[in-house]
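The sequence lines fix the lettering, A, B, ..., with proteins before strands; numbering per chain opens at 1.
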There are 2 protein chains.
Amino acid sequence: MSDTAREELARRIAGEITLSDDPGATLRKWRTDFDISQTELAAQLDVSSSVVSDYESGRRESPGIGVIRRMVNALLAIDETRGGGHIRQFARVLSAGFESDIVHDLREYPTAVPLDRFYDAIDATEITRGKRDYVNGHTVINSIQAITRLSSEEFYRLYGQSTDRALMFTDVTRGESPLVAMRVVTPTPNAVVLHGLGEDDLWEHAPALANIDGFSLAVTNCDIETALNDLRTLS
Amino acid sequence: MSDTAREELARRIAGEITLSDDPGATLRKWRTDFDISQTELAAQLDVSSSVVSDYESGRRESPGIGVIRRMVNALLAIDETRGGGHIRQFARVLSAGFESDIVHDLREYPTAVPLDRFYDAIDATEITRGKRDYVNGHTVINSIQAITRLSSEEFYRLYGQSTDRALMFTDVTRGESPLVAMRVVTPTPNAVVLHGLGEDDLWEHAPALANIDGFSLAVTNCDIETALNDLRTLS
DNA sequence: CGGCTACTTCGGCAATTGTCGAATGGAGGG
DNA sequence: CCCTCCATTCGACAATTGCCGAAGTAGCCG
């Protein structure tokens with residue numbers, strides 16, 4: 001495990017907590033993202049579990065950086081004892097040259113995965129079928145951040161090593177922006193998944209645009225972290 | 001000025017201070033990097049200057065995150081009143097897809113700059129002349145970080161928009177690693193500057209390798225921040 | 001030499017933190 | 001219904017912080 005990815009993730013988390021308007025809520029966000037209970041975190045820190053709860057609930061307005069440092073290091077230490085999945089995920093995003101608030105995950109699969117299995121794993125409903133029925137990887141993207149911040153050159157880097165992949169856009173309301181963006185990038189991915197809405201909420205022109213560009217379009221409301229965990233079992 | 005570059009720089013600084021073994025020294029590092037006096041920072045914070053000095057000197061072992069947040073925001077606020085040079089510099093590095101501890105600066109010049117003027121601006125001594133006598137931009141790189149962390153694909157991204165540029169490697173002892181790295185990248189830049197050593201310290205094979213690959217080689221011991229400021233006047 | 005600026009050190013003290021541990025509540029499983 | 005686990009709230013108190021302001025040092029400039 002690269003120490004530098006761990007260090008950068010630590011710095012990222014610590015910076016976010018320190019600057020947050022609600023540091024306790026931000027601390028809780030990262031703890032739950034790592035799938036760690038307060039009890040487990042407290043054990044790692046060698047404190048009572050009420051200490052963790054007090055901090056997350058905002059009892060102390062300005063905790064010392066010593067406390068924050070120990071909390072962040074404890075999160076990463078627990079992740080490491082579990083195999084380092086979160087550190088790896090963050091490292092993949094960094095090495096692709098993105099910030100983790102734009103790209104949430106970027107992964108190449110060792111073998112082609114049939115789209116049906118992929119959609120099962122993420123509990124997605126396919127709206128339109130595309131020309132290809134498999135994916136070799138995925139990229140999970142915050143759609144608002146991506147559209148407002150990425151240059152057109154950077155947009156292509158979302159493809160990682162292969163365009164034979166699924167792009168999953170999160171924080172989607174109707175799907176208009178991602179589908180319009182897909183109109184202007186060439187080539188298109190094998191699949192586009194819109195996260196955060198159901199069939200009924202989808203922009204009415206989305207299926208037609210997907211058909212024109214030849215990619216599979218799906219929607220899902222699954223829990224992202226759970227889905228990413230399930231995707232690990234595909235390979 | 002992009003708010004997101006400011007936010008990311010803030011997060012980066014706050015994370016680094018929070019996780020540091022010597023938070024006071026890290027705080028001082030960033031204050032001096034921004035070329036801000038304690039007196040000026042204290043005025044921005046509306047506290048006595050001894051408050052800033054106490055924190056930087058480590059009087060308090062675990063300052064509260066409220067203090068760190070106000071210090072970081074004050075640094076950026078002062079930078080903004082001066083035109084945002086540091087935020088811009090950080091934004092350039094980020095938008096090139098690098099971490100700022102690998103790439104310190106990356107800039108395209110509006111016009112070609114003669115190498116003589118470039119070397120004057122950074123107080124460098126040319127060791128061998130190359131095939132081209134101008135640069136269209138520069139990239140300032142931490143050589144150890146770059147060599148240990150960048151993939152070969154990422155190495156090419158150091159070129160920004162043009163290979164007609166100078167690559168300046170910092171934290172150099174003899175220059176062996178950067179020169180060896182230059183042997184395997186194609187094309188080579190117009191100039192390579194090794195920062196941190198004089199002619200006498202240079203690896204003996206460096207001039208020959210530069211000649212083979214046809215780039216200008218120079219050494220300098222200038223102050224990086226001063227040099228970057230001077231380079232701004234070239235355009 | 002005097003004045004000014006930047007910075008350091010330190011005493012002091014009100015305010016806040018770091019943490020324990022008790023009490024309590026909710027959810028899930030046997 | 002009981003047990004276990006996770007989480008919250010809060011009183012208590014020793015320890016530390018946040019900051020002022022005084023005194024001092026060093027360097028620069030006229």
Side-chain angles (χ1 to χ4, degrees), chain A residues 13-14 17-75 77-79 81-82 223 225-226 229, chain B residues 13-14 17-75 77-79 81-82 223 225-226 229:
Chain A
I13 298 173
I17 293 170
T18 298
L19 295 179
S20 177
D21 291 335
D22 188 346
T26 306
L27 194 58
R28 190 191 303 271
K29 182 195 83 168
W30 282 105
R31 178 180 60 79
T32 56
D33 188 67
F34 276 68
D35 199 28
I36 294 170
S37 69
Q38 287 180 346
T39 314
E40 194 174 357
L41 180 55
Q44 181 72 28
L45 292 162
D46 201 26
V47 298
S48 307
S49 65
S50 58
V51 169
V52 175
S53 183
D54 274 334
Y55 281 118
E56 291 187 359
S57 302
R59 189 183 200 199
R60 301 305 181 206
E61 181 133 340
S62 177
I65 60 173
V67 167
I68 304 299
R69 182 189 312 132
R70 284 165 53 222
M71 296 256 185
V72 170
N73 285 333
L75 290 179
I78 294 171
D79 190 56
T81 67
R82 292 177 178 177
D223 173 67
E225 296 304 324
T226 303
N229 277 325
Chain B
I13 298 173
I17 294 169
T18 298
L19 294 178
S20 175
D21 291 335
D22 187 345
T26 306
L27 194 59
R28 192 190 304 268
K29 180 196 85 170
W30 282 105
R31 179 182 59 80
T32 55
D33 188 68
F34 274 69
D35 198 29
I36 293 171
S37 69
Q38 287 182 346
T39 314
E40 192 174 1
L41 180 54
Q44 179 73 28
L45 290 162
D46 201 26
V47 298
S48 305
S49 65
S50 58
V51 168
V52 175
S53 184
D54 272 334
Y55 281 118
E56 289 187 0
S57 303
R59 190 183 200 199
R60 299 305 179 209
E61 182 134 338
S62 176
I65 59 173
V67 167
I68 304 300
R69 184 190 310 134
R70 284 166 53 226
M71 296 255 185
V72 170
N73 285 333
L75 289 179
I78 294 170
D79 189 58
T81 67
R82 293 174 176 181
D223 172 68
E225 297 303 324
T226 303
N229 276 325

Touch class at under 4.0 angstrom, heavy-atom based, for A/V52 against every strand present: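 If one applies the 4.0 Å heavy-atom cut-off, A/V52 turns out to touch nothing in the nucleic acid.
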Contact class for A/S53 (heavy atom, under 4.0 Å): base, sugar-phosphate, or nothing? base
For [X] and [N], what is the distance between atoms [atom1] and [atom2] respectively, to the nearest whole Å?
X     : N      : atom1 : atom2 : result
B/L41 : C/dA6  : CG    : P     : 13 Å
B/D35 : C/dA6  : CG    : P     : 12 Å
A/E56 : C/dG18 : CD    : P     : 15 Å
A/D46 : C/dT19 : CG    : P     : 10 Å
A/R31 : D/dC6  : CZ    : P     : 11 Å
A/M71 : C/dT19 : CE    : C1'   : 11 Å

Name the closest nucleotide to the B/R70 side chain, picking from D/dC19, D/dA7, C/dT9.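 Of D/dC19, D/dA7, C/dT9, D/dC19 is nearest to the side chain of B/R70.
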Ignoring the backbone of B/Y55, work out which of D/dT8, D/dG18, C/dT8 is nearest its side chain.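 Closest nucleotide among those given: D/dG18.
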Would you tabulate the pairs of protein nitrogen or oxygen atoms and nucleotide nitrogen or oxygen atoms of nucleotides 10-16 of chain D closer than 3.5 angstrom?
| unit_1 | atom_1 | unit_2 | atom_2 | d |
| --- | --- | --- | --- | --- |
| D/dC10 | N4 | A/D54 | OD1 | 3.3 |
| D/dC10 | N4 | A/D54 | OD2 | 2.9 |
| D/dG11 | N7 | A/R59 | NH2 | 2.8 |
| D/dG11 | O6 | A/R59 | NH1 | 2.8 |
| D/dG11 | O6 | A/R59 | NH2 | 3.4 |

Does the side chain of B/R31 reach to within under 4.5 Å of the side chain of B/L27, using non-hydrogen atoms?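 B/R31 does not reach B/L27 side chain to side chain.
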Quick check on [N]: is either OP1 or OP2 less than 4.0 Å from any side-chain nitrogen or oxygen of [X]?
X     : N     : value
B/T39 : C/dT5 : no
A/Q38 : D/dC5 : no
A/S49 : D/dC6 : no

Please give me the minimum heavy-atom distance between [X] and [Y], naming the atom from each residue.
X     : Y     : answer
B/A42 : B/S49 : CB-CA, 3.6 Å
A/Q38 : A/V52 : CG-CG1, 3.7 Å
B/S62 : A/G66 : OG-N, 2.9 Å

Is a side-chain donor or acceptor of A/T32 paired with a backbone partner of A/K29 at a separation under 3.5 angstrom? yes
Test your reading of the model: is there a side-chain donor-acceptor pair from B/R60 to the backbone of B/Y55, 3.5 Å cut-off? no
Could you grab the distance from atom CZ of B/R70 to atom CD1 of B/I65, nearest 0.5 Å is fine? 12.5 Å
